[in-house]
Amino acid sequence: MAYNRINQHHPIRNRAGITQPDVVVVLDPSLLAIGKVTSGLKDGGTVVINTSKAIEAFPELSERWNVAIIDATRIAREELGVPIVNTTMLGALLKATGAIDISAMTEPLKGRFGRLADKNIKALKRAFEETQVKELKTVG
Amino acid sequence: MGKRVGVEVSIALADAVKLADADVIAAYPITPQTHIVEHLAELVAEGELDAEYIPVESEHSALSACLGSAAAGARTFTATAGQGLELMHEVLYVASGMRLPIIMAVANRALSSPLSVWGDHSDAMAVRDTGWIQIFTENGQEVVDQIICAFRIAEDPNVLLPVMVHLDGFNLSHVIEPIEMPTEEEVCDFLPVRRNPLTLHPSKPVAMGDFAPPVVYTEAKWAQEQAMMAVKPTILDIWDDFAKKFGREYKPVECYKCDGAKNLLFTMGSFSETAMTAVDKLRDAGVDIGLIRLRLWRPFPFEEFRAAVKNAETLLVLDRCISSGGPGGPVASELKAALYNEEKKPKVVSFVGGLGGRDITVAGFEKIILDGLELAAKGQEREYEIVGVRE
Amino acid sequence: MQNLGVYASRLVTKEENFVPGHRACIGCGEALAVRLAAKAFGKNTIVVNATGCMEIVASQLPYTSWKLPWIHTLFENSAAVASGVESALKVQMRKGKIPQEDIKTVAIGGDGATVDIGLQAISGAFERGHDFLYICFDNEAYMNTGIQRSSATPFGASTTTSPAGRAKAGQMSWKKNMPEIAVAHNIPYVATACPSYPFDLIEKVKKGLATKGPAYIHVLSVCPTGWRCDTEISIMLGRLATETGVFPLYEVENGKYKMSLVPEKLKPVKDYLKLQRRFRHLKPDAIEAIQSRVTEEYEKLLEKAV
Amino acid sequence: MAKSEFELTWQDIEIGAAVTEPGSAAAYKTGDWKSQRPTYDFSRCLKCGICYVFCPEGCVRQNQKGHFEANPYYCKGCGICAYECPTRVIVMREEEEK
């Protein structure tokens, strides 16, 4: 489990683990069957899932939260040659939340991956495009 | 001025060691220090840092190799955590006694048994009397800045003592956060080349590490202690110069919303930032509370600490370490000792929490503060309160 | 070898790097061994000394017996400290921080510092391939603290922690074979030496210094105090250790064994034992057991040296 | 060494308690440890220097005539030189009471 906090207005000072997230990103689809991945997820929050299933397969989730799905494993295999989904899921997260402009990712990915950057940037962009989002119907 | 980039604190720390142009790094891998030394090994392997990386067979040998390296005049770095720091224990006293300016990063970790790789301050507190200058950090930027300052402090001709920079394991070491890395030119300008009054070299043979019979041991230790007691002005000067060059200020004791506060919470390390959030919330709710944090743990900044608490009525102290069978938290007992002879002093309430990587959330800090104020009013029944234990 | 040639003094440098005024016991074979080794070191050597007899006798504040750059830190870490010294010299020369010159690093320690508490640090330094020489001055027990047994104490020797009593005849384990442990690290140079053969010792030290990479020399150092023998026979007893096969002199260069001295016929071990009161309690069967072990080990060594 | 360990103040201690005078222990007299002292009959001396080589103290020096002699300031009286001397030049005698 890893935590991430984003804030463009104030320095982030809270270093405690996150118990009530706005967004949950599920990299490993088998976790859905094992634990309650949405535990503590705020009402109206978003859950982003790596899955080969259709978005309709998660009716219980979409009743309470925004749901985004992406077959990140397939994209990672096709673009990177390995089933490592971190960059791909990042693309899905950006699509689902709009937290950061996707164009801002190019430089950091170059810095992180060097000669492998182009492949990762492609995986990120594909994931961004292929992510399906089912937004929570606001009541009324 | 360098760019502000998102980077793991351990990686940034290693990059700071590279900026300082360390000559010798001797280290043994231990969680949660590993990313620091892995990245240093990588920098050396890639030729980006011209240094000798000595992959020793234990922490005891890591610091021993540092003794030899520093004695032979090289700029020397090591990093460790928890059990590793304990295995170095006897070597720590030698480094300070021989006045060898070694820099060590400690990714603070709990001590076995039971085994725990996660963070607390048991390792740091066990080595508090080893004669090292010790600095605590609260975020990644401070880690980078203090590593660079540490080289300059240690090697200053008026100091010549080893320096430990503490960063909380995982809570700090493994967090990716925005950090502004100084440039090579800036660090070069700030950190002069190490000059050594005495080193091991045939051009001027010296004997280092004589034994001292009772008639001279006290003189030798007092000479060392005089050096330690005299370092604070140098540290303040170096931090001032750092602020001038890099725009970030550091003080031995740092205050957050303390002005006019009658009640103060005291923390060290990365928990301080979470505690600030709790202080913000309670202040908004009308609770009289401020936060003070200790950056310079050794030498202990008595004047600054006493000045910071002189108008306070209550001082709530959070320790991340148990002093077994003793007064609960080692920091709290030191603070009490520092205040004992003061005419006007706050009531001290001691808490121990955050052991072995146990989180304390913002709500957890709010509870500590509110419980602490209540205990201060009615009196603490035991030596200290344990935070968040299941009963 | 056995009879020193006449004019022996001309064969060694008069330069003393380990000066008189040290506080070693009367007749100390180890002080002699260090004195001779220090002659071989020359001026361009840094000495790292483990805690022990030779450290204590030569370094009481504010004095030093050493004319060379010298450092003592702890008991078990001299090989690690030497790793740091060697690395610091190398990197500082490479970076132009100190002048480029040939400076040797030597670590020295007693048998306790070498075969017991410091073994791990030595193994690590050998494995990493530092360019240094480690010399063990082996007086076969913790003499500095009052004759307690180490794993280099020979079978049957009575020490204060392996005392000879009604139930036990002194040390009940066989001396750890440290030179073989060094050889097992595949380091380029390993040798045994004894100050009773001073030119051999000096030559081996010089060879060890000249070796690129780790070198190890194990020096038997007679200790009249701990071995309970007369002080004047200190040198003779070292010779006897070799002549009986108890302590054979040999070198292992890049894995190749070479005997430094092969007596025509080994003298009986009891000739060596009877001069030392640490063995005086031994019954004939124990002496016989020691003799057969010595013969067996010596033959194994001769086979390797072929 | 200007001051002995009994006179040193903490200000006299070098950085890290280092000793900056190489070989300063030569000031320390070990000669009064001895209960026997070497005596010489140089008529038999070959000037071979074996006694010089084997002296654990390193206190044997060649005199103006080329004979080797122990310096009584350091000699602890172990008797090694007498035992090893090939021509029995040296005889150990009890140190006389002063």
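Below, each value reflects all heavy atoms present in this structure, side chains not excepted, and no hydrogens, waters or symmetry copies. Just so it is clear, the structure is predicted and the values come from calculations on it, not from any experiment.
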How many angstroms lie between atom [atom1] of [X] and atom [atom2] of [Y], to the nearest 0.5 angstrom?
{"X": "B/I54", "Y": "C/S83", "atom1": "CD1", "atom2": "OG", "answer": "6.0 Å"}
{"X": "C/K97", "Y": "B/R195", "atom1": "NZ", "atom2": "CZ", "answer": "13.0 Å"}
{"X": "B/M208", "Y": "C/T73", "atom1": "CE", "atom2": "OG1", "answer": "12.0 Å"}
{"X": "C/S65", "Y": "B/D210", "atom1": "OG", "atom2": "CG", "answer": "9.0 Å"}
{"X": "C/I98", "Y": "B/N196", "atom1": "CD1", "atom2": "CG", "answer": "10.0 Å"}

| request: Look at the side chain of C/E76 and the backbone N and O of B/H60, then say whether any donor-acceptor pair between them is shorter than 3.5 Å. | output: no
| task | Could you tell me whether the side chain of C/K90 and the main chain of B/E52 form a donor-acceptor pair under 3.5 Å? | result | no
Heavy-atom contact with chain C under 4.5 Å, split by part of [X]:
{"X": "B/A207", "answer": "both"}
{"X": "B/V56", "answer": "both"}
{"X": "B/V215", "answer": "neither"}

| request: Decide if atom NZ of C/K39 counts as having more than 12 heavy atoms of other residues, nucleotides or ligands within a radius under 6.0 Å. | output: yes
| request: Count the heavy atoms of every other residue, nucleotide or ligand shown that sit under 6.0 Å from CD of B/Q226, and state whether that count exceeds 12. | output: yes
Looking at chain B, which one of [options] has the largest number of heavy-atom pairs inside 4.5 Å, strictly under?
{"options": "C/L74, C/T45, C/T64", "answer": "C/L74"}
{"options": "C/H72, C/K67, C/H130, C/E55", "answer": "C/H72"}
{"options": "C/L68, C/V48, C/N49, C/L89", "answer": "C/L68"}
{"options": "C/T51, C/V47, C/I103", "answer": "C/I103"}

For [X] versus [Y], what's the shortest heavy-atom pair and its separation?
{"X": "C/P69", "Y": "B/P205", "answer": "N-CB, 3.6 Å"}
{"X": "B/A51", "Y": "C/V91", "answer": "CA-CG2, 3.9 Å"}
{"X": "C/N77", "Y": "B/S64", "answer": "ND2-OG, 2.9 Å"}
{"X": "B/P202", "Y": "C/K43", "answer": "CB-O, 3.6 Å"}
{"X": "C/I46", "Y": "B/L200", "answer": "CD1-O, 3.6 Å"}
{"X": "C/I56", "Y": "B/F211", "answer": "O-CE2, 3.2 Å"}

| message | If the condition is salt bridge (Lys or Arg N to Asp or Glu O under 4.0 Å), which residues does B/D241 pass it with, not counting sequence neighbours? | response | B/R152, B/K245
| Which residues, numbered in order, of residues 113-124 of chain C come under 4.5 angstrom of chain B by heavy-atom distance? | C/Q120, C/A121, C/G124
| What part of C/Q92 lies closer than 4.5 angstrom to a heavy atom of chain B: side chain, backbone, both or neither? | side chain
| query | So what's closer than 4.5 Å to chain B heavy atoms on C/E86: side chain, backbone, both or neither? | reply | neither
| Does a side-chain heavy-atom distance below 4.5 Å link C/L61 with B/E219? | no
